[in-house]
Visitor: 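Mind looking over this structure? Questions follow.
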Amino acid sequence: MISITSKSPYAVLALAELGRSAGAGPVPIGELARRREVPVQFLEQLFATLRRAGILRSQRGVKGGYSFAREPASVSVLEVVELLDGPVGRDSEGVFADAAAAARQVLAGTTIADVIEREARDAGASMYYI
């Protein structure tokens with residue numbers, strides 16, 4: 001079936017926040033968790049998985065934190081979802097297999113850079129000027 005837990009949306013939001021901070025050096029996980037209102041321990045588990053997969057790198061110490069090991073434009077949302085929640089549509093049949101294929105196509109065609117851009121665009125759309 002199609003099963004995406006809360007892990008994936010939280011991770012994508014935190015990755016987008018990390019991408020927005022690009023160039024500022026490693027970002028402490030506590031800061032990312034605070035900005036996106038995600039429990040720190042939960043985010044630590046998710047980021048550990050993404051680090052082992054080569055998406056993120058971590059740095060210890062006073063100036064430590066997380067940064068991208070790869071460009072956000074090269075990380076698809078599908079890759080993140082499947083690392084954290086397993087294959088989308090595993091064991092699906094019939095119409096559910098079709099739905100899973102459609103979901104996979106959308107998630108595969110969307111990168112973390114796209115999510116960052118979309119958030120920026122949505123934030124700009126909600127602002128108005130007098």
Side-chain angles (χ1 to χ4, degrees):
M1 299 307 295
I2 302 170
S3 178
I4 297 176
T5 67
S6 61
K7 294 179 197 176
S8 295
Y10 278 132
V12 169
L13 289 174
L15 288 172
E17 189 64 39
L18 180 61
R20 288 172 24 130
S21 304
V27 179
I29 197 158
E31 183 66 22
L32 293 170
R34 184 188 60 76
R35 290 182 199 167
R36 291 301 177 129
E37 300 177 354
V38 179
V40 175
Q41 295 83 358
F42 185 53
L43 193 56
E44 284 174 342
Q45 293 172 358
L46 303 178
F47 272 30
T49 299
L50 298 174
R51 182 185 52 76
R52 285 190 300 273
I55 292 173
L56 298 175
R57 69 173 145 249
S58 62
Q59 179 176 322
R60 295 179 187 253
V62 177
K63 296 189 182 227
Y66 281 89
S67 58
F68 278 96
R70 295 174 21 206
E71 288 296 318
S74 73
V75 180
S76 75
V77 174
L78 180 65
E79 182 178 2
V80 173
V81 169
E82 291 193 334
L83 282 168
L84 299 173
D85 286 321
V88 174
R90 171 184 41 219
D91 302 328
S92 295
E93 296 179 7
V95 69
F96 295 103
D98 296 342
R104 287 179 60 81
Q105 184 177 10
V106 170
L107 297 173
T110 306
T111 66
I112 298 302
D114 295 332
V115 173
I116 295 166
E117 182 181 312
R118 183 179 192 156
E119 285 184 351
R121 191 173 54 245
D122 290 350
S126 65
M127 298 177 73
Y128 62 92
Y129 301 91
I130 298 176

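Values below: every heavy atom of this structure, side chains too, minus hydrogens, waters and symmetry copies.
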Visitor: Can you pull out every ring pair (Phe, Tyr, Trp, His ring centres under 6.0 Å) where at least one residue sits in residues 8-28? Sequence neighbours excluded, please.
Guide: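 Residue pairs with at least one partner in residues 8-28: Y10-F42.
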
Visitor: Would you please name every residue forming a side chain to side chain donor-acceptor pair (under 3.5 Å) with T49, sequence neighbours left out?
Guide: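 T49: side chain to side chain donor-acceptor pair (under 3.5 Å) contacts with R52.
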
Visitor: Can you name the residues that form a salt bridge (Lys or Arg N to Asp or Glu O under 4.0 Å) with E119, not counting sequence neighbours?
Guide: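 By the salt bridge (Lys or Arg N to Asp or Glu O under 4.0 Å) rule, E119 matches R36.
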
Visitor: Taking all atoms of both residues into account, what is the closest heavy-atom pair of S6 and P9, and its distance?
Guide: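 Closest approach of S6 to P9: O-CD, 3.4 Å.
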
Visitor: Just to verify, what does R104 make a side chain to side chain donor-acceptor pair (under 3.5 Å) with, not counting sequence neighbours?
Guide: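 Counting only residues at least two positions away or on another chain, R104 forms a side chain to side chain donor-acceptor pair (under 3.5 Å) with E82.
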
Visitor: Got a sec, which residues hit side chain to side chain donor-acceptor pair (under 3.5 Å) with D98, two or more places apart in sequence or on another chain?
Guide: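 Here no residue qualifies.
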
Visitor: Would you give the length of the straight line joining atom CZ of F68 to atom CG of L50, rounded to the nearest 0.5 angstrom?
Guide: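 These two atoms lie 9.0 Å from each other.
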
Visitor: Could you work out, with side-chain contact (heavy atoms from CB on, under 4.5 Å) as the rule, every residue matching A33, not counting sequence neighbours?
Guide: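 A33: side-chain contact (heavy atoms from CB on, under 4.5 Å) contacts with V40, L43.
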
Visitor: Distance check, rounded to the nearest 0.5 Å: L78 atom CG versus T110 atom OG1?
Guide: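 Rounded to the nearest 0.5 Å, the CG-OG1 separation comes out at 9.5 Å.
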
Visitor: Which pair of non-hydrogen atoms, one from G19 and one from I116, has the smallest distance, and what is that distance?
Guide: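 That would be CA-CD1, 3.6 Å.
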
Visitor: Please identify each residue that fulfils ring pair (Phe, Tyr, Trp, His ring centres under 6.0 Å) with F47, with sequence neighbours left out.
Guide: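 Testing F47 for ring pair (Phe, Tyr, Trp, His ring centres under 6.0 Å), a comparison that skips the adjacent residues, returns Y66.
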
Visitor: Take atom CD in E71; do more than 12 heavy atoms of anything else shown fall under 6.0 Å from it?
Guide: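 Check fails, neighbour count at 12 or below.
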
Visitor: Restricting to side-chain contact (heavy atoms from CB on, under 4.5 Å), what partner residues turn up for E31, sequence neighbours left out?
Guide: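 By the side-chain contact (heavy atoms from CB on, under 4.5 Å) rule, E31 matches V27, P28, R34, R35.
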
Visitor: Output the distance between atom CG (L15) and atom CD1 (I112), rounded to the nearest 0.5 Å.
Guide: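 Result: 4.5 Å between the selected atoms.
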
Visitor: Who are the salt bridge (Lys or Arg N to Asp or Glu O under 4.0 Å) partners of E44, not counting sequence neighbours?
Guide: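 E44 satisfies salt bridge (Lys or Arg N to Asp or Glu O under 4.0 Å) with no other residue.
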
Visitor: Please walk me through it: do V38 and L13 pass side chain to side chain contact (heavy atoms under 4.5 Å, CB included)?
Guide: CA-CA 9 Å; V38 179; L13 289 174; 5.8 Å; no

Visitor: Nearest heavy-atom pair of S92 and A100: which atoms, and what distance?
Guide: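 S92 and A100 have their closest heavy atoms at OG-CB, 4.3 Å.
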
Visitor: What residues, two or more places apart in sequence or in another chain, satisfy side chain to side chain donor-acceptor pair (under 3.5 Å) together with R51?
Guide: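 Counting only residues at least two positions away or on another chain, R51 forms no side chain to side chain donor-acceptor pair (under 3.5 Å).
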
Visitor: Looking at every non-hydrogen atom in both residues, tell me the closest pair between G54 and A69 and how far apart they are.
Guide: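 Residues G54 and A69, closest heavy atoms: O-CB, 3.3 Å.
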
Visitor: Please give me the minimum heavy-atom distance between G86 and R90, naming the atom from each residue.
Guide: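 Reported closest heavy-atom pair: CA-NH1, 4.3 Å.
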
Visitor: Which salt bridge (Lys or Arg N to Asp or Glu O under 4.0 Å) pairs, counting each pair once, include a residue from residues 57-70, with sequence neighbours left out?
Guide: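 As it turns out, the salt bridge (Lys or Arg N to Asp or Glu O under 4.0 Å) pairs with a partner in residues 57-70, which skip direct neighbours, are R70-E79.
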
Visitor: Would you give the length of the straight line joining atom CD1 of I55 to atom CG of L18, rounded to the nearest 0.5 angstrom?
Guide: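 The CD1 atom of I55 sits 11.5 Å away from the CG atom of L18.
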
Visitor: Hey, does the side chain of D85 reach the backbone of I4 with a donor-acceptor pair shorter than 3.5 angstrom?
Guide: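 It does not hold such a pair.
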
Visitor: Among residues at least two apart in sequence or on other chains, which ones pass side-chain contact (heavy atoms from CB on, under 4.5 Å) with T111?
Guide: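 If we apply the side-chain contact (heavy atoms from CB on, under 4.5 Å) test to T111, skipping adjacent residues, the hits are A113, D114.
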
Visitor: I need the L46 CG to I29 CD1 distance, nearest 0.5 Å.
Guide: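 Nearest 0.5 Å value for the CG-CD1 distance: 8.0 Å.
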
Visitor: What pair of heavy atoms forms the shortest contact from L107 to S76, and how long is it?
Guide: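 Shortest heavy-atom separation between L107 and S76 comes out as O-CB, 4.0 Å.
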
Visitor: Which distance, rounded to the nearest 0.5 Å, do you find between the CD of E117 and the CZ of R121?
Guide: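 Rounded to the nearest 0.5 Å, the CD-CZ separation comes out at 5.5 Å.
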
Visitor: Hey, does the side chain of S8 reach the backbone of T5 with a donor-acceptor pair shorter than 3.5 angstrom?
Guide: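 Pair absent, no side-chain N/O of S8 close to backbone of T5.
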
